[in-house]
Amino acid sequence: VQLQASGGGSVQPGGSLRLSCVASGFTLDYYAIAWFRQAPGKEREGVSCISSSDGFTTYADSVKGRFTISRENAKNTVYLQMNSLKPEDSAVYYCATGDPMYYCSEDYIDEADFSSWGQGTLVTVSS
């Protein structure tokens with residue numbers, strides 16, 4: 001099981017980026033995928049999660065209305081569209097997956113539920 005995150009970069013406040021998480025070695029169809037981020041000196045936090053069975057999605061309060069998670073199973077890829085970016089969104093972003101058929105919680109995105117992680121992609125929001 002391998003996950004490859006990409007799409008990070010530098011952007012001005014208010015700008016947009018789309019992150020991609022490509023899976024290899026397994027079929028993404030049956031797996032939930034979550035995005036996490038970690039800023040320097042801060043704990044890693046869950047950003048968004050998308051379930052496999054019905055595409056149910058959940059978001060951290062800090063990104064609701066600005067970020068959209070989606071999946072394209074035919075490409076074995078999950079995306080995180082990030083709009084209206086703020087300096088506080090700056091972090092290394094990771095995608096992760098866990099047990100087959102895991103269903104994203106409505107209330108939390110807990111890294112303990114995810115056992116396979118990509119290498120991270122850096123997002124910097126600055127003027």
Side-chain angles (χ1 to χ4, degrees):
V1 173
Q2 281 195 321
L3 297 171
Q4 179 83 27
S6 63
S10 295
V11 64
Q12 292 187 340
S16 298
L17 284 172
R18 188 177 79 160
L19 305 184
S20 298
C21 176
V22 180
S24 60
F26 69 105
T27 301
L28 202 56
D29 301 38
Y30 304 108
Y31 291 82
I33 297 290
W35 286 96
F36 292 81
R37 67 185 181 187
Q38 188 167 23
K42 294 189 176 181
E43 292 187 354
R44 189 155 54 187
E45 66 167 330
V47 174
S48 184
C49 185
I50 185 166
S51 298
S52 61
S53 55
D54 59 1
F56 172 77
T57 59
T58 188
Y59 298 92
D61 288 343
S62 57
V63 306
K64 278 181 183 176
R66 300 188 298 122
F67 290 13
T68 302
I69 191 170
S70 62
R71 59 193 303 144
E72 190 170 357
N73 288 344
K75 293 187 175 181
N76 237 23
T77 301
V78 168
Y79 303 101
L80 185 69
Q81 178 67 45
M82 306 187 296
N83 298 329
S84 303
L85 283 162
K86 304 175 181 180
E88 52 263 42
D89 294 318
S90 297
V92 177
Y93 283 72
Y94 302 87
C95 57
T97 192
D99 293 334
M101 303 309 295
Y102 171 83
Y103 198 81
C104 300
S105 169
E106 191 173 345
D107 301 316
Y108 60 83
I109 306 168
D110 189 344
E111 63 180 274
D113 291 334
F114 300 90
S115 54
S116 298
W117 294 77
Q119 87 288 0
T121 185
L122 178 63
V123 172
T124 303
V125 185
S126 174
S127 55

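The distance from atom CG of Leu28 to atom CD1 of Ile50, rounded to the nearest 0.5 Å, is 9.0 Å. Distance CD1/Ile69 to OG1/Thr57: 7.5 Å, rounded to 0.5 Å.
Here the closest non-hydrogen pair linking Phe36 and Gly46 is CD2-CA, 3.4 Å. Nearest approach of Gly118 to Tyr94, heavy atoms of both residues: O-CD2, 3.6 Å. Here the closest non-hydrogen pair linking Val92 and Gly120 is CG1-CA, 3.8 Å.
Side-chain atoms of Ser84 do not come within 3.5 Å of backbone N or O of Gly14 as any donor-acceptor pair. Checked by atom type and distance alone, the side chain of Arg71 pairs as donor or acceptor with a backbone atom of Ser51 at under 3.5 Å. For the pair Thr97 (side chain) and Ala32 (backbone), a donor-acceptor distance under 3.5 Å is present.
Remark: Phe26 engages Tyr31 in a ring-ring contact (aromatic ring centres under 6.0 Å, His included) (not counting sequence neighbours). With sequence neighbours excluded, the residues satisfying salt bridge (charged side-chain N to carboxylate O under 4.0 Å, His left out) with Asp61 are Lys64. Taking the side-chain hydrogen bond (donor to acceptor under 3.5 Å, both in side chains) definition, one finds that Tyr59 meets it with nothing, sequence neighbours left out. Every residue was checked against the side-chain hydrogen bond (donor to acceptor under 3.5 Å, both in side chains) condition with Lys42, not counting sequence neighbours, and none meets it. Listed by chain and number, the residues in a side-chain hydrogen bond (donor to acceptor under 3.5 Å, both in side chains) with Glu45 are Arg37 (sequence neighbours excluded). For Gln38, there are no side-chain hydrogen bond (donor to acceptor under 3.5 Å, both in side chains) partners at least two apart in sequence or on another chain. Residues passing the side-chain contact (heavy atoms from CB on, under 4.5 Å) test with Val123 are Leu17, Leu19, Met82, Tyr93, Val125, sequence neighbours excluded.
When hydrophobic residues (I, L, V, M, F, W, Y) are linked wherever their side-chain heavy atoms come within less than 4.5 Å, the members clustered with Tyr103 are Phe56.
Contact check for Ile109 versus Val47: no side-chain heavy atoms found under the 4.5 Å cut-off.
Among residue pairs with one or both ends in residues 1-17, those qualifying as side-chain hydrogen bond (donor to acceptor under 3.5 Å, both in side chains) are Ser16-Asn83; sequence neighbours excluded. Sorted by first then second residue, the side-chain hydrogen bond (donor to acceptor under 3.5 Å, both in side chains) pairs that include residues 112-126, not counting sequence neighbours, are Tyr102-Asp113. For residues 98-111, the set of pairs meeting the salt bridge (charged side-chain N to carboxylate O under 4.0 Å, His left out) definition, not counting sequence neighbours, comprises Arg44-Glu111. Screening residues 53-127 for disulfide (SG to SG under 2.5 Å), with sequence neighbours left out, gives Cys21-Cys95, Cys49-Cys104.
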TODO: Show the numbers, then the answer: is there a side chain to side chain contact (heavy atoms under 4.5 Å, CB included) between Ser48 and Val63?
DONE: CA-CA 8 Å; Ser48 184; Val63 306; 5.5 Å; no
Open item on the list: Pair Trp35, Phe67 - check side chain to side chain contact (heavy atoms under 4.5 Å, CB included), show working.
Closed with: CA-CA 11 Å; Trp35 286 96; Phe67 290 13; over 6 Å; no
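Counting heavy-atom neighbours within 6.0 Å of Glu88 CD, excluding the residue itself, gives a total above 12.
Linking Ile, Leu, Val, Met, Phe, Trp and Tyr whenever their side-chain heavy atoms come within less than 4.5 Å leaves Leu80 and Val22 in two separate clusters. Leu3 and Leu122 are assigned to two separate hydrophobic clusters, defined by single-linkage of ILVMFWY side chains at heavy-atom distances under 4.5 Å.
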